[in-house]
Amino acid sequence: MQASKSTTAQNGNEQPCGDPLVIGDLTLQSRLLLGTSGYPNMQVLLESIAASGTELITVAIRRINLADDQEAGFLSTIRSLPVSLLPNTAGCYTAKEAVLVAELAREALETNLIKLEVIGDDETLMPDAEQLLKAASELVMEGFTVMAYANDDPITCRKLADIGCAAVMPLASPIGSGMGLVNPYNLQLIRELLPDIPLLVDAGIGTASDAALAMELGYDGILLNTAVSKAEHPVQMAAAMRHAVMGGRLAHQAGRIPRRFYAQASSPMQGRVGQ
């Protein structure tokens, strides 16, 4: 599976070129991944996808009833878009459930790509690390390209990488909270411990500055949903997220100046008038 390598997104704005995100067999020019739930209507969703420039959108397979004409129509519509689909196991609470949903997604959508979620409870929606690791191991052995949603725990993330996940996606803060990066130290530590695997920040992004900060920490991409779907103006927020991800990536590559406790003049002190 390979997304379009065109440097022009659906709304005509340029994408950064020459710096693709590679996850398994998938090559993406855009580093913003977008969820598809909770939008006011289908038209707003479609316009938001276009404005975001994304090439990969997520679909919660467990929550789609293909026997329902409306939901089957929804799936048919998004499958017609010039983007790749990332089925996810949202709503699963055990490894057994997650593996079954992934297998159903592979059969229905003809893809080995899966976003793995195994949630611990309905209150925090935090990942259950034990069940997550078990499911990841089984799915990797079954030939899936696993993108694993995880806590911002460096040890769990390292174990997921060791299992063979194609990407690890620690949360910034709880799903749908919009709290942003509550523990940037842990996220930076995960990046330093796992320099060679794609890392994406998933969940908790609230606004464009959150996405930019995550990218500045060296993350390879952002996966978000609520920050756009529940924004006052979703399409505008989708565009803002797009530019934030691009800007954060460029800033990371450029290398920020070191932080200093005291001021340092930007102009030379020699040759001042009156010396």
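Checked by atom type and distance alone, the side chain of N151 pairs as donor or acceptor with a backbone atom of P127 at under 3.5 Å. In terms of modelled atom types and a separation under 3.5 Å, the side chain of S80 and the main chain of T77 share a donor-acceptor contact. The main-chain N or O of S30 is found under 3.5 Å from a side-chain atom of E55 such that the two form a donor-acceptor pair. Looking only at distances, a side-chain donor or acceptor of R191 sits under 3.5 Å from a matching main-chain atom of L194. The backbone N or O of C92 lies less than 3.5 Å from no partner atom in the side chain of T89, so there is not a single donor-acceptor pair. T58 places no side-chain N or O within 3.5 Å of a backbone atom of P87 that could act as its donor or acceptor partner. Using a distance-only test at 3.5 Å, with no hydrogens or angles considered, no donor-acceptor pair links the side chain of T145 to the main chain of G24. Judged purely by atom type and a 3.5 angstrom limit, R31 uses its side chain to pair as donor or acceptor with the backbone of D220. For Q131 (side chain) and A95 (main-chain N/O), a donor-acceptor pair under 3.5 Å exists by modelled atom type.
Contact between R106 and G143 at its shortest, heavy atoms only, is NH1-C, 4.2 Å. Here the shortest heavy-atom pairing between V235 and V44 reads CG2-O, 4.1 Å. Across P195 and E192, no two heavy atoms sit closer than the pair CD-O, 3.7 Å. Pairing each heavy atom of G35 with each of L45, the nearest pair is O-CD1, 4.4 Å. When every heavy atom of A251 is checked against every heavy atom of E216, the shortest pair comes out as CB-CG, 4.0 Å. The minimum heavy-atom distance between A98 and E117, with the atom names listed, is CB-O, 4.3 Å.
Inspection of the Y149 and N88 side chains reveals no N or O donor paired with an N or O acceptor under 3.5 Å. Side-chain contact annotation: D19 with Q253, donor-acceptor N/O pair under 3.5 Å present. Defined by atom type and a distance below 3.5 Å, a donor-acceptor pair is missing between the side-chain atoms of T207 and D210.
With a 4.5 Å cut-off on side-chain heavy atoms, S48 and P234 count as touching. Looking at heavy atoms from C-beta onward, V201 lies out of side-chain contact with L224 at the 4.5 angstrom threshold.
Taken to the nearest 0.5 Å, the CG atom of L34 stands 9.5 Å off from the CE atom of M241. For the atom pair I222 CD1 and S52 OG, the distance stands at 13.0 Å (nearest 0.5 Å). For the atom pair CD (E142) and CD1 (I114), the distance works out to 11.0 Å, reported to the nearest 0.5 Å. To the nearest 0.5 angstrom, L33 atom CG is 9.0 Å from K115 atom NZ. I119 CD1 to D128 CG: the interatomic distance, rounded to the nearest 0.5 Å, is 9.0 Å. In this structure, NE2 in H252 is found 12.5 Å from CG in L213, a value given to the nearest 0.5 Å.
Hydrophobic clustering of Ile, Leu, Val, Met, Phe, Trp and Tyr side chains at less than 4.5 Å, counting indirect connections, keeps Y93 apart from L100. Residues Y39 and M42 are members of one and the same hydrophobic cluster, defined by side-chain heavy-atom contacts under 4.5 angstrom among Ile, Leu, Val, Met, Phe, Trp and Tyr.
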### Task
Assess whether side-chain contact (heavy atoms from CB on, under 4.5 Å) is satisfied between E97 and T94, documenting all intermediate values.
CA-CA 5 Å; E97 288 179 316; T94 67; 3.2 Å; yes

### Task
Given side-chain contact (heavy atoms from CB on, under 4.5 Å), test L113 with S84 step by step and report yes or no.
CA-CA 10 Å; L113 194 63; S84 297; 5.8 Å; no

### Query
Going through the distances and angles, do L223 and L86 end up as a side-chain contact (heavy atoms from CB on, under 4.5 Å)?
CA-CA 11 Å; L223 197 162; L86 172 61; 4.1 Å; yes

### Message
Run the side-chain contact (heavy atoms from CB on, under 4.5 Å) test on R79 and L109 for me, step by step, so that the C-alpha distance in whole Å, both residues' side-chain angles and the decisive distance to 0.1 Å come before the verdict.
### Response
CA-CA 9 Å; R79 292 190 73 175; L109 300 180; 3.9 Å; yes

Could you pull out all donor-acceptor pairs under 3.5 Å where a side-chain atom in residues 162-190 meets a protein atom, sequence neighbours excluded?
unit_1 : atom_1 : unit_2 : atom_2 : d
S173   : OG     : S177   : OG     : 3.2
S173   : OG     : G180   : N      : 3.4
S173   : OG     : G180   : O      : 2.9
S173   : OG     : G204   : O      : 3.3
S177   : OG     : P174   : O      : 2.8
S177   : OG     : M179   : N      : 3.3
N183   : OD1    : N186   : N      : 3.1
N186   : ND2    : D152   : O      : 2.7

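For the pair D153 and R158, the salt-bridge criterion is not met [side-chain N within less than 4.0 Å of a carboxylate O].
Atom CD of E130 is surrounded by 12 or fewer heavy atoms from other residues, nucleotides or ligands within 6.0 Å.
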